[in-house]
Amino acid sequence: MVDHAAIHHALEARTNRSLVTPEGVDLTLRIADAGQRFGALLLDLIFMVVTLILVTIILGVAAIAGGPRFVAAPVIIWLIGFFLLRNCYFIIMEMGPRAATFGKRIVGLRVVARNGGRLTADAVIARNLMREIELYLPISFLIFNTSQGLADTAAWLFGVGWTFIFAFFPLFNRDRLRVGDLLAGTWVIRTPKKTLGLDLIGRNAATTRLTFTDAQLDAYGQFELQTLEQILRLDRPEALATVADTIRAKIGYWDNSSDVAFLNAYYEALRSRLERKLLFGRRRRDKFDR
Amino acid sequence: MNAASAPIGPTTLREMRQEEWVRLEAILRQVERRSPRALSDEDLMALPTLYRSALSSLSVARETSLDLELVTYLEGLCARAYFFVYGVRTSPLRRLRLFFVQDWPNAVRSLWRETLIATLLTLLGLAAGYSLVASNPIWFEAFVPDGLAQGRDFSASTEYLRQTLYDGGRNNMLAIFATFLFTHNAQVSIMCFALGFAFGIPTAFLLLYNGGMMGAIFALFVSRGLGTDLGGWLIIHGSTEIFAIILAGAAGLKIGWSVVFPGEASRMNAATSAGKTAGIVMAGVVIMLLAAGALEGVGRQTITNSIARYAIGVFMLIFWLAFYYLPRRSHHG
């Protein structure tokens, strides 16, 4: 039997980090996982490449239109622009109030100091300059492969392996820290933009007709209740049907009410019961927790 | 189970507090989209209170509510508000001024040991390059890549070499070359710094190689009797640029050293504090390289008198040394 609650708790333990504010409240921050960070990086690189291409086209047109005498200015602008883009795009965006580049914003991430303090400018500079060895060095190794012969190839392979240790550093530690994060004392957390959905209780007036006995409501705990809540919010008919059947089978409640009405009624009843118990200090985490 | 009487607890929490959360969210959205200055005075005054009341809502919700949506929403809201409220903001101008007056010289000064080691490594490379190339010109190709040499090798005539030192024409290409050199050197410096994480060994190699390259070029020009002229050509911007590369190497060495020998702190903490200091030094290095590039682009074309070139180069060196190492009153707080 797969214990989904245990899996869920293990996942939470892996990604949650506590940050206790000066007021004494523990904000559980969720670490961005490797896939999200890589996705944000890809988006940023795409953005940088597109900007570079656009600027090159514009400057190329300007250089051609200006004639041979004024070819210097566009080239200089391009060189400096490339340098600034490569080094300063990340730094300037991460020093803003949202501490996130465009790629990170799209994915919903943010850079934060590990000790809960301010994200200082020197931390942002240090973490982004380290990208030289994490990203640009492996890429240049891959591109400029001029090996002729076995020794050269062996050296190239070794170089690739060594640089890729730095590139894949986030996979080797729990907090998904890059080398730059390690050095600057930062990490990347998720900041999902949430709007508050409606309370599920009191949504559906028809549910007051269905009642359940205490034994039927004792079947589940908090984890199952919140899973049911998520399914009700998603509102997909197949999922609702499956869950309704499972619950009906478990508590032995067969009537001719619709799945939606049954689930809403059961959710209301279960939540009221569990919250009342919570007021007395008894929290039942899942169905195995007695 | 049925809502026969008015329910106590979390449903009332939403009803009581939802307006405050909505207001807090609107303020945060405005702050994130534009600058914090866009907030009105009332919003700014209300923000800490709203933040604290959101925190208290979160605590109550965690203890009394099983509504996952509510708790998750409040956690996200409180985290966003925390990072704004506790991210102290000085005006960017003041922050910039602090950087130039205090952070940057202090950071460089704290690296004095590593700077000495980096200087020694560069000089070692210089001596090695010079003596090797002076004894046997075959070594020249090993030290100086073709792209950088641009025809200035042992097969070139003395007249050609002299011309490269004093050529004031071909303005366009020189300006482009100067910019390319600036970005190339800046990238090399950043690489020096970043490689410091690999225990400083690649940084040391890079410094040695850089010194060797300079030594080789010196050997070439000295063998044609153009040694002092080359010195003048280099020193206008070279005093700044070579100093910058040495500082970048020092920053890399500091990180490498702190990872291998963390002292009393843990390796992670030692690396973190070294990284932040080194980051400030690197920002300064880029500024120095910008200054060197400007000196090179402007000064080298317009100033062709060797003595004037030496004077400017030495003056710049004294300026940087004074800026970094002159004792000054430290500002606390």
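Below, chains carry the letters A, B, ... as their sequence lines are ordered, and counting in each starts from 1. Values in this document were obtained by computation on a predicted structure and should not be read as measured data.
Annotation: the span from A:Q230 atom CD to B:E69 atom CD amounts to 9.0 Å, rounded to 0.5 Å. Here NZ of B:K276 is found 12.0 Å from CZ of A:R127. Values are rounded to the nearest 0.5 Å. Taking CZ of A:F83 as the reference point, atom CG of B:L290 lies at 8.5 Å (rounded to 0.5 Å). Put simply, OG on B:S273 and CG on A:L183 are 9.0 Å apart, with the number rounded to the nearest 0.5 Å. Atom-to-atom distance recorded for A:L19:CG and B:C78:SG is 11.5 Å, nearest 0.5 angstrom.
Side chains of B:E75 and A:L27 form no contact here, defined as non-hydrogen atoms less than 4.5 Å apart. A:T28 is listed as a side-chain neighbour of B:R62, based on a closest heavy-atom distance under 4.5 Å. The side-chain heavy atoms of A:R114 and B:M268, taken from C-beta on, include a pair separated by under 4.5 Å.
When all heavy atoms of A:L29 and B:A79 are compared, the pair lying nearest together is CD2-CB, 4.3 Å. Contact record, B:Y73 with A:T195: CD1-C, 4.2 Å, taken as the closest heavy-atom pair. In terms of heavy atoms, B:L55 sits closest to A:E23 at CD1-OE1, 3.3 Å. When every heavy atom of A:V25 is checked against every heavy atom of B:S59, the shortest pair comes out as CG2-OG, 3.6 Å. In terms of heavy atoms, A:A126 sits closest to B:G275 at CB-O, 3.3 Å. Contact detail for B:L66 and A:E275: the closest heavy-atom pair is N-OE2, 3.0 Å.
Neither the backbone nor the side chain of A:R190 comes within contact range of chain B; no heavy atoms are under 4.5 Å apart. Of the atoms belonging to A:F82, not a single heavy atom falls under 4.5 Å from chain B. Contact of B:A278 with chain A is not made at all, since no heavy-atom distance falls under 4.5 Å. The part of A:N87 that comes within reach of chain B is its side chain, from C-beta onward, which places non-hydrogen atoms under 4.5 angstrom from that chain. Residue contact with chain A, scored on non-hydrogen atoms closer than 4.5 Å, is absent for B:L77. Only the side chain of B:V286 comes within less than 4.5 Å of a heavy atom in chain A; its backbone stays farther off. There is no contact between A:I91 and chain B, counting heavy-atom distances below 4.5 Å. For chain A, the nearby part of B:L58 is the side chain; its heavy atoms alone come within less than 4.5 Å. Looking at A:I77, neither its backbone nor its side chain comes within 4.5 Å of chain B, counting heavy atoms on both sides. At a 4.5 Å heavy-atom cutoff, A:R131 makes no contact with chain B through either its backbone or its side chain. A:L274 touches chain B through backbone and side chain together, each having a heavy atom under 4.5 Å away.
Summarising the local packing, CZ of B:R109 is surrounded by more than 12 heavy atoms from other residues, nucleotides or ligands at distances under 6.0 Å. Atom CH2 of B:W21 is surrounded by more than 12 heavy atoms from other residues, nucleotides or ligands within 6.0 Å. Around the CZ atom of A:R282, the shell of radius 6.0 Å holds more than 12 heavy atoms that belong to other residues, nucleotides or ligands. Heavy-atom contacts from other residues, nucleotides or ligands closer than 6.0 Å to CZ of A:F280 number 12 or fewer.
A:W187 pairs by the ring pair (Phe, Tyr, Trp, His ring centres under 6.0 Å) definition with nothing, not counting sequence neighbours.
Chain B forms more heavy-atom pairs under 4.5 Å with one residue of A:A123, A:G197, A:G185 than with any other, namely A:G197. Note on B:E25, B:R29, B:E63, B:M282: by heavy-atom pairs under 4.5 Å with chain A, the leading option is B:E63. Ranked by heavy-atom pairs under 4.5 Å with chain B, the list A:L182, A:T191, A:L119 is led by A:L182.
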Passes side chain to side chain contact (heavy atoms under 4.5 Å, CB included), B:R14 versus A:L196? Steps please.
CA-CA 10 Å; B:R14 272 207 201 209; A:L196 188 57; 3.7 Å; yes
- Item | Step-by-step side chain to side chain contact (heavy atoms under 4.5 Å, CB included) determination, A:D122 to B:D103 | CA-CA 10 Å; A:D122 44 2; B:D103 296 334; over 6 Å; no
Intermediate values then yes/no, side chain to side chain contact (heavy atoms under 4.5 Å, CB included), A:V112 and B:Y82: CA-CA 11 Å; A:V112 155; B:Y82 169 80; over 6 Å; no
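For the pair A:E229 (side chain) and B:L68 (backbone), a donor-acceptor distance under 3.5 Å is present.
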